[in-house]
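To keep things clear, I will list the structure first and then write my remarks on it.
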Amino acid sequence: MNQTVADLIGRSNRLGADPKNTNYAGGNTSAKGTATDPVTGQEVELLWVKGSGGDLGTLAEKGLAVLRLDRVRALADVYPGVEQEDAMVAAFDYCLHGKGGAAPSIDTAMHALVDAAHVDHLHPDAGIALATAADGEALTREIFGDTVVWVPWRRPGFQLGLDIAAIQATHPDAVGCILGGHGITAWGATSAEAEQRSLAIIDTAAAWITEHSRPEPFGPALPGHAALPEAERRAKAAALAPALRAIASHDRPVVGHFTDSDVVLDFLAAAEHPRLAALGTSCPDHFLRTKVKPLVLDLPADAPVEDQIARAGELHAAYREDYQAYYDRHATPDSPAIRGADPSIVLVPGVGMFSYGKDKQTARVAGEFYVNAINVMRGAEGISRYAPIDEAEKFRIEYWALEEAKLQRMPAPKPLATRIALVTGAASGIGKAIATRLAAEGACVVIADLDAEKARAAAAEIGSTDVALGVAADVTDEAAVQAAVDACVLAFGGLDLVVNNAGLSLSKSLLDTTVADWELQHAVMAKGSFLVSRAAAKVLIEQGLGGDVVYISSKNSVFAGPNNIAYSATKADQGHQVRLLAAELGEHGVKVNGINPDGVVRGSGIFAGGWGAKRAAVYGVPEEELGAYYAQRTLLKREVLPEHVANAVFVLCSSDLSHTTGLHVPVDAGVAAAFLR
Ligand SMILES: NC(=O)c1ccc[n+]([C@@H]2O[C@H](COP(=O)([O-])OP(=O)(O)OC[C@H]3O[C@@H](n4cnc5c(N)ncnc54)[C@H](O)[C@@H]3O)[C@@H](O)[C@H]2O)c1
Ligand SMILES: [Zn+2]
């Protein structure tokens, strides 16, 4: 790797690793240097700059756009003026040095036009606090003298690059600037110098704010708004989550994230939070993810959940009207269509913050950005008055043609995107295959199983905590089931797909079956799925977003054979639960279906745990050939694998079977004796 590039990547990763320096995926860095032009064999001057999207903390070479410096700079000669500055973004493509690399971002002009080899543009909370302080310009002069210069707010683009370059030219002592309403930019002759200057600006601003901030920047404590004790807070958050997700999903379904850090709780406990929240966020990165402002519940922490839900509903109606009015005030005939009027951030005093997005990562990052915004407001209010950019400018960014184009370029969502699944007994066998498939189709999954370690290990195999969560839950235990459902709604905001899969099998004749055998199998399968369905249905009904409940019953729910009284009877119980709940939950748009697998030997803990050996002995075949033996008994002569059951679960939950409920799907490779009629 070219040394200039290596230095740039190292610096970017160091800066991006510390959240005090920039928000997630916020800011960009660049370096200018030379490389050989493969066409002429001559040295050419190049600009390496972080491309559109991507995070500084994990930036790699492929995340850089590489441009010919002479050509980007030549754009200044044809620049048609600020009214048409967006056209310059398309012109960047004509400045690229070879194929590959990332798409040049809107900030490319700033990096090219600033006359220094190394440039950092960052969104540090301390820097944005200064940038959004009502007297930020005077404060910048007071803190930094001539070394850091104030640049009045301007939407990112070619003109902002020209502005900064002009300021740099007229301020020979300047090492960087504070970009009003937005962030900071710093430059240096070497990579180390740029990095050191970026950090100096951030640390100086932060230290100055700490030293000069008045006490209680958010005002005095608001009676009744202090944080509830943790257990109470979490229980309340779980009770509120389904109704709040319904609010955030009015226009389109979203996934949620819950944050109850001190930063959030302290903000909501103080008197000024309603006024400040209403002012909205300022840094473009922040409000693109958090919407212009959050919905703030205006009730004390100890208000009953029902009152909080009812009030949130009223506030939601007002929020939607307000957002529509904001759109109508600013939209021009060529503005993109309104993108939905629901809040992305819902703040509940004493409880915490719910943030929403098209997937868990987006929801989580929206929450992180609102924490950034709270830090910014605290800083700005501590030394001055928080004065974010005005609403018209926010609209220009939110509905910017370039932003819209970025959204249009996003890949189509996966079939189960925004859906949240809870699969019981998913640390092993069929359940694990189901969770894996649902996650692959875009769902967030909670793996509930007896053993916490196994559940977490299975979740980690499937993906990060943005995709899969493992929890311990014995489905025979009412409280444990409720705790698993609560964990699910706290992790992902709600619940849509419930798979009753936990099970175990003891193959015994009637005379050998003890009362304990009978009770255990009925407790796990009949009672367990009743408890899970009941706890889940409460969430599904409150969300009003429909949903699916799938029972992994068995061929044995309809097939009669010897030595299976307890297992088959409880499977038949599960089978009828499907029909009963399909009848009961249909009015809520919840579909309830079942799957009847048979002979799934590979990967199954049931078979490995002795049942397989017994069945093999009954049929007189070696245990390792049991799968093949079962295959030969089927009409299709095929072995059934856990993945085949998972396929059926996916199809039942997909939009293709939107009109199917109360159905049982055999996944048994064809067993005539178990045909449904
Ligand atoms: N394997 C087959 O051929 C077959 C056929 C028909 C139906 N089924 C059904 O499919 C389901 C999954 O079976 P599998 O073959 O993957 O078995 P498996 O043993 O591999 O998986 C079952 C999982 O359920 C969990 N579990 C057991 N009791 C629990 C409880 N009280 N609470 C929470 N989790 C509990 C276990 O820890 C295990 O991880 C079961 O309901 C089973 O009856 C399996
Ligand atoms: Zn920026």
Side-chain angles (χ1 to χ4, degrees), residues 22-23 25-28 50 105-107 110 120-124 127-128 131 154-157 160 179 181-185 282-286 288 397 423-435 447-452 454-455 458 471-477 480-481 484 499-506 520-521 523-529 531-532 551-557 559 564 567-568 570-571 574-575 594-612 615 626-627 630 639-642 644-646 649 666-669 671 674:
T22 202
N23 57 315
N28 30 61
K50 193 197 101 171
S105 84
I106 188 75
D107 290 325
M110 165 170 57
D120 295 334
H121 166 62
L122 301 167
H123 298 159
I128 310 176
R154 184 184 286 289
R155 191 171 69 166
L160 180 62
L179 309 182
H182 177 173
I184 72 164
T185 293
S282 185
C283 177
D285 256 5
H286 293 180
L288 280 172
I397 296 209
V423 187
T424 66
S428 164
I430 292 172
K432 190 170 166 189
I434 293 169
I447 288 171
D449 208 307
L450 281 176
D451 183 302
K454 270 176 71 185
V471 298
D474 179 345
V475 296
T476 67
D477 176 343
V481 167
V499 185
N500 278 310
N501 165 80
L504 80 165
S505 185
L506 310 168
L520 174 61
Q521 298 200 70
V524 175
M525 290 176 280
K527 178 183 164 195
S529 17
L531 289 174
V532 170
Y551 279 69
I552 308 305
S553 178
S554 171
K555 171 208 77 174
N556 290 314
S557 66
F559 173 86
N564 228 343
Y567 179 78
S568 296
T570 196
K571 284 293 173 190
Q574 285 188 311
I595 295 177
N596 291 348
D598 188 44
V600 188
V601 179
R602 208 187 300 168
S604 165
I606 289 181
F607 276 93
W611 164 276
R615 299 318 292 171
L626 191 60
Y630 278 134
E639 182 172 351
V640 186
L641 303 178
H644 299 130
V645 182
V649 175
V667 182
D668 56 9
V671 177

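These numbers come from the heavy atoms of this one structure, side chains and all, not from hydrogens, waters or symmetry mates. When a ligand or atom number is given, it counts from 1 through the structure's own listing order. All values reported here derive from a predicted model rather than from experimental measurement.
- Which parts of ligand 1 touch Ala473 is read off a 4.0 Å heavy-atom cut-off, strictly below it: atoms 32 (N), 33 (C).
- Ligand 1 has an N or O atom lying under 3.5 Å from an N or O atom of Val475, backbone or side chain.
- Near Asn501, with a cut-off below 4.0 Å to any heavy atom, the atoms of ligand 1 are 10 (O), 11 (C), 12 (C), 40 (C), 41 (O).
- The line from OG1 of Thr570 to CE of Met525 is 5.5 Å long, rounded to the nearest 0.5 Å.
- Those atoms of ligand 1 with a heavy atom of Ile552 less than 4.0 angstrom away are 9 (C), 10 (O), 41 (O).
- Geometrically, ligand 1 and Tyr567 share a nitrogen or oxygen pair separated by less than 3.5 Å.
- Only backbone heavy atoms of Ser553 (N, CA, C or O) come within less than 4.0 Å of ligand 1; its side chain stays farther off.
- Ring geometry for Phe607 versus Tyr630: interplanar angle over 60°, hence perpendicular rather than tilted (30 to 60°).
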task: Give the intermediate values and the outcome of side-chain contact (heavy atoms from CB on, under 4.5 Å) for residues Val423 and Ile447.
output: CA-CA 5 Å; Val423 187; Ile447 288 171; 5.6 Å; no
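- The distance from atom CG of Leu520 to atom OG1 of Thr476, rounded to the nearest 0.5 Å, is 8.0 Å.
- Contact check for Pro666 versus Lys555: no side-chain heavy atoms found under the 4.5 Å cut-off.
- Among all heavy-atom pairs drawn from Gly183 and Ile128, the shortest one is CA-CG1, 4.1 Å.
- The closest protein non-hydrogen atom to atom 5 (C) of ligand 1 is Pro597 O, 3.7 Å.
- Where the criterion is an N or O separation shorter than 3.5 Å, residue side chain and backbone included, Ser554 fails it with respect to ligand 1.
- Residues forming a side chain to side chain donor-acceptor pair (under 3.5 Å) with Asn500 (at least two apart in sequence, or on another chain): Ser533.
- Note that CG of Asp120 is 9.0 Å distant from CG of Asn28, once rounded to the nearest 0.5 Å.
- Residue contacts with ligand 1, taken as heavy atom pairs separated by less than 4.0 Å, involve Lys571 solely via side-chain atoms from C-beta onward.
- Scanning Leu450, Val423, Val532 for the heavy atom closest to atom 28 (N) of ligand 1 points to Leu450.
- At under 3.5 Å, a nitrogen or oxygen of Ile430, whether backbone or side chain, sits near a nitrogen or oxygen of ligand 1.
- A donor-acceptor pair under 3.5 Å is formed between the side chain of Ser557 and the backbone N or O of Ser554.
- Taking a cut-off of under 4.0 Å to the non-hydrogen atoms of Asp474, the atoms of ligand 1 that pass are 30 (C), 31 (N), 32 (N).
- Counting protein heavy atoms only, atom 23 (C) of ligand 1 is closest to Gly425 O, 3.3 Å.
- By heavy-atom distance, the residue among Thr570, Ile434, Val600 lying nearest atom 1 (N) of ligand 1 is Val600.
- Residues satisfying the side chain to side chain donor-acceptor pair (under 3.5 Å) criterion with Thr22, sequence neighbours excluded, are absent altogether.
- If you check which protein heavy atom lies closest to atom 27 (C) of ligand 1, you get Gly503 O, 3.5 Å.
- Residue Arg155 qualifies as enclosed at atom CZ: its count of foreign heavy atoms under 6.0 Å is above 12.
- Counting atoms of ligand 1 from 1 in the listed order, those under 4.0 Å from a heavy atom of Gly429 are 16 (O), 20 (O).
- The two atoms that bring Thr424 and Val532 nearest to each other are CG2-CG2, 4.0 Å, heavy atoms only.
- Looking only at heavy atoms of the protein, atom 25 (C) of ligand 1 is closest to Asp449 OD1, 3.3 Å.
- Under 2.8 Å from the Zn ion (ligand 2), one finds the following protein N/O/S atoms: His121 NE2, His123 NE2, His182 NE2.
- For ligand 1, one of its N or O atoms has an N or O atom of Ile606 under 3.5 Å away.
- By the 3.5 Å distance cut-off applied to N or O atoms, Asp598 is not counted among the residues near ligand 1.
- The CG atom of Leu160 sits 7.5 Å away from atom CZ of Arg154, with the distance rounded to the nearest 0.5 Å.
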field: Stepwise side-chain contact (heavy atoms from CB on, under 4.5 Å) check, Ile552 with Ile434
entry: CA-CA 10 Å; Ile552 308 305; Ile434 293 169; 3.8 Å; yes
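- In this structure, the side chain to side chain donor-acceptor pair (under 3.5 Å) partners of Asn23, at least two apart in sequence or on a different chain, are His123, Asp285.
- Interface of Gly599 with ligand 1, defined as ligand atoms under 4.0 Å from a residue heavy atom, comprises 3 (O).
- Within the model, atoms CG of Leu179 and OG1 of Thr185 stand 4.0 Å from one another, a figure rounded to the nearest 0.5 Å.
- Between Leu504 and Gln521, the shortest heavy-atom contact is O-OE1, 3.3 Å.
- Close contacts between ligand 1 and Gly605 involve ligand atoms 17 (O), 18 (P), 19 (O), 20 (O) [criterion: under 4.0 Å to a heavy atom].
- Note: an N/O pair closer than 3.5 Å links Ser428 and ligand 1 by distance alone.
- Regarding atom 15 (O) of ligand 1, its nearest protein heavy-atom neighbour is Ser604 OG, 2.6 Å.
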